Each structure stands twice: as C-alpha cells, then as structure tokens.
Amino acid sequence: MDLQECRKELDGIDRQLTELFERRMEICGQVAQTKIASGKAVYDGEREKQKLDAVEAMAHGEFNQTAVRELFSQIMTISRRYQYRLLAEHGKGVDLGFEKIPALKMKDVRVVYQGVEGAYSHGAALQFFGEDANVYHVERFQDAMKEVSEGRADYAVLPIENSSAGAVVDMYDLLTGFNNYIVAETFLPVNHALLGLPDAELSDIRTVYSHPQALMQSSRFLNAQEGWRQVSCLNTAVAACKVVEDKDKSQAAVASEIAGKLYGLKVLKPSIQNNQGNTTRFVILANRPIYREGASRISLCFELPHHSGTLYNMLGNFIFNHVNMVMIESRPIPGRNWEYRFFVDIEGSLEDSAVANALKGISAEALNMRILGNY
C-alpha cells in the first residue's frame, strides 16, 4: 500500500477503536451502577492484574505485549475515573472530613512561631494576625506543631517554601507527624542584611551565622567573600542573638534589618539576597480540619506502591477531572529505603465536585492519602 492507502486504513481502524472504546465506557457505566447498589469498591487491584496479564498474552511479540499492557492499563485507569464520577453524582463520594467555616477566628487567639523575636516567622505572624496579636515563640518547628496539636496555641505560623531556595523540607515531614491542618497562608518578602557588632566593619568578618535557607538565599554575596566560614543556626534571629552574646566582631549574622534594630546590631551590608524579589511562603496551621469560605488551594500527601507508572496513573485523576496541580514534592518514607511520600498542591475547594472526584480516586488507589488542608 502507498502512504495514502495506509492513512485511509488507519482512519478506519481509529473509527472502530473509538466506537469500541465508547461501548466499553457504556458497559463501565453499567458496572458502576451495580457498584452503587452493592457498595462494592471501584478499584480491584487483583482483578486488574489478571486482566492485564490476559490481554498481554493475546499480543504477539515483545514490543506488542508491552504496548498492549500499557494501553489497557490506561483504558482501565480511565474507566475507574469514570466510575468514580458516577458514584460521586449518586452521593457515593468520599467523606473528606472537613468543616467549612465563614472565616478564621483572628481575635483573642494565641499564635506560636519558631525562633525568637525578629525572626522572619515572627514577622509573618504579625503580618497575618496583626501587630497586636498574642504571639509567642518556641525553639523548633516540631515544638510549634506540638503547641497547636495539644491546644496550647490556636495557630502556628511556619515557613514551607521560598521563591529562591525552594521547599523547607523539614516542614513536609512534620506535616505527616502531627494532626494539624493548613488553614491559611501568607507571603513575606525576604530582605537579608549582613549584621555585625556596632564597632565591626565588613573587613573584620570571618564567620557568618544564619539559617541554612538564608545562607543559600545569600550565597552569591557570601561565597564571593574570601575566607568566610558559613555556619547554620536554627533561624536568622538566633544567629543575630549569637553575634550579640559572643561579642566577637569577626562574627556576623544574615538576618532582617528589623532583627538588627531589635538586638542592637549594625548593618554591614543591606539586601544581600540573591533574588531581590525573594519571598517566603508561610502556612498557618490549626488542629481542626476546617476550611474558609473562598478557599482555593488544597494540600495533600499520599504514598504509592513501588512499581512503574503508579505516580503517572495517580496524577491522571487530576487530569481527568480538569484539576490544576501547582506543586509536587517527594520525601523519603522513614524505614522504607527508596520509597517516597508525595506532597501535592492543587487549585480548588473541597466543595468542588471535580476536586472531590479526583480525591476520591486517589484515596481509593493510593496508600495513606491525607488532606493536609484547604486554604
């Protein structure tokens, strides 16, 4: 056959495939109706494996066998999503366990942040809750999470992502270790200064202290200084405190100018951050699964079986339901070498039917899915 004849035959085959696919979806709809009546789960991993083995055995040649298995894997994934949608339309969607509220309580609340006065987390807490907010600090991120989970604080304000240095990875691990929920977020511009003792000069500096993120965010300036040692601290304000306490004019801190004024330090060099538009995203956490009217972002995490294609198939739940994913991170699962927990942010609200349907599919097929918040 010439090229034109090949194309014509392919067009005919594609029409047949489309007709057969539509017929298959009709039957899947009938299957969904029986599952609605019986309460049977949509996903049956063993049944799908048997089916994939069977269609693979029908094909001839190694390439065709692999391709047919992949093709039918995708067809069955689409079929499941269609069935989830039908179940949701008949009131059989998953109970997401969150309560919708008109607004967050902002007055007469206690707010905890990690660090000390003058830290960026302190600034973020005051930015979100107001200058007169009842805020207090603890030493570590996990201490702040514990204050909220045990009810001593109404909210915690903690950093989760920076526009230059990326994710604050410790926070992702802590989100799965406590029953706290993200209820809001706030963005704080980062303006790092090099701070020293009042009698210090730039030429005196030999050691610089700061949080690892702040050191990374100021790396171009710091790495250009010959002979300077960079030392990590719990946060930027702790670094400023150390310079004050040690009274060593060869030491400096990377922190905010506000911290410098608070602790009586001199600005040796202002605005040393790599990116002058540098911004940190902070999350506000509470110990109740609530979300505000108008919430438009959802954070969740899940684990997957450790074999090819599982993440691809899982994210397909967003594609099929036209849900936009805006972030994905992975973190190792403790005690399970080379296995990972995925953290995903999507656009939408838990009351959106498309979002609920996507989460229904993920909750049915993933391991340990958890919604971290809608905000």
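Please read these numbers as outputs of a predicted model, since none were measured by experiment. Every heavy atom of this structure was used, including side-chain atoms; hydrogens, water molecules and symmetry mates were not.
- Remark: the backbone N or O of Thr279 is paired with a side-chain donor or acceptor of Asn162 at under 3.5 angstrom.
- Using a 30° and 60° split on the angle between ring planes, Phe141 and His211 fall in the tilted class, from 30° to 60°.
- Minimum heavy-atom separation, Leu367 to Leu304: CD1-C, 4.0 Å.
- When all heavy atoms of Leu188 and Ala124 are compared, the closest pair comes out as CD2-N, 3.9 Å.
- Taken to the nearest 0.5 Å, the OG1 atom of Thr18 stands 11.5 Å off from the CD1 atom of Ile13.
- Geometrically, Arg110 does not engage Tyr155 in a cation-pi contact, judged by NZ or CZ lying under 6.0 Å from the ring centre and within 45° of the ring axis.
- Within the 3.5 Å criterion, the main-chain N or O of Arg47 finds a donor-acceptor partner in the side chain of Asp44.
- No side-chain heavy atom of Tyr209 sits less than 4.5 Å from a side-chain heavy atom of Thr236.
- Between Tyr181 and Phe98, the angle of the ring planes goes over 60°, which puts this pair in the perpendicular group of the 30/60° scheme.
- A salt bridge links Arg23 with Glu26; the closest basic N to acidic carboxylate O contact falls under 4.0 Å.
- Judged by distance alone, with hydrogens and angles left aside, the side-chain atoms of Ser73 form no donor-acceptor pair with the main-chain N or O of Arg69 at under 3.5 Å.
- Contact check for Val254 versus Ile272: side-chain heavy atoms found under the 4.5 Å cut-off.
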> Given Asn287 and Ser149, is the side-chain hydrogen bond (donor to acceptor under 3.5 Å, both in side chains) satisfied, shown in steps?
Replying inline: CA-CA 5 Å; Asn287 64 5; Ser149 67; over 6 Å; no
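- Relative to the six-membered ring of Tyr84, Lys360 misses at least one condition, a distance below 6.0 Å or an angle of at most 45° to the axis.
- At least one donor-acceptor pair closer than 3.5 Å links the side chain of Asn374 to the backbone N or O of Gly348.
- Formation of a donor-acceptor pair under 3.5 Å by the Asp204 side chain with backbone atoms of Glu201 is found in this model.
- Heavy-atom minimum distance, Tyr43 versus Ala364: CD2-O, 4.0 Å.
- A side-chain donor-acceptor contact under 3.5 Å links Asn317 to the backbone of Met314.
- Salt bridge Arg297/Glu347: absent, no basic N to carboxylate O contact under 4.0 Å.
- Residues Ala295 and Ser349 approach most closely at O-CB, 3.5 Å, considering heavy atoms.
- Side chains of Leu197 and Val243 form a contact here, defined as non-hydrogen atoms less than 4.5 Å apart.
- Phe21 places none of its side-chain heavy atoms less than 4.5 Å from the side chain of Gln16.
- Linking Ile, Leu, Val, Met, Phe, Trp and Tyr residues whenever their side-chain heavy atoms come within less than 4.5 Å places Phe342 and Trp338 in a single cluster.
- The backbone N or O of Ile328 sits nowhere less than 3.5 Å from a side-chain atom of Ser330 that would complete a donor-acceptor pair.
- Atom CG of Leu285 sits about 6.0 Å away from atom CG of Asn180, to the nearest 0.5 Å.
- At distances below 3.5 Å, not a single donor-acceptor pair connects side-chain atoms of Glu70 with backbone N or O atoms of Ala67.
- Ion pair Arg15/Asp11 not flagged as a salt bridge, since none of the NZ, NE, NH1 or NH2 atoms sits closer than 4.0 Å to an Asp/Glu carboxylate oxygen.
- A salt bridge does not link Arg7 with Asp2: every distance from a Lys NZ or Arg NE/NH1/NH2 to an Asp or Glu carboxylate oxygen is 4.0 Å or more.
- Under the 4.5 Å side-chain criterion, counting only non-hydrogen atoms from C-beta, Phe343 is in contact with Arg331.
- Judged by distance alone, with hydrogens and angles left aside, the side-chain atoms of Gln273 form a donor-acceptor pair with the main-chain N or O of His192 at under 3.5 Å.
- The environment of Ile258 atom CD1 is sparse: at most 12 non-hydrogen atoms of other residues, nucleotides or ligands sit within 6.0 angstrom.
- Using a cut-off of 4.0 Å between Lys/Arg side-chain N and Asp/Glu carboxylate O, Arg80 and Glu48 are scored as salt-bridged.
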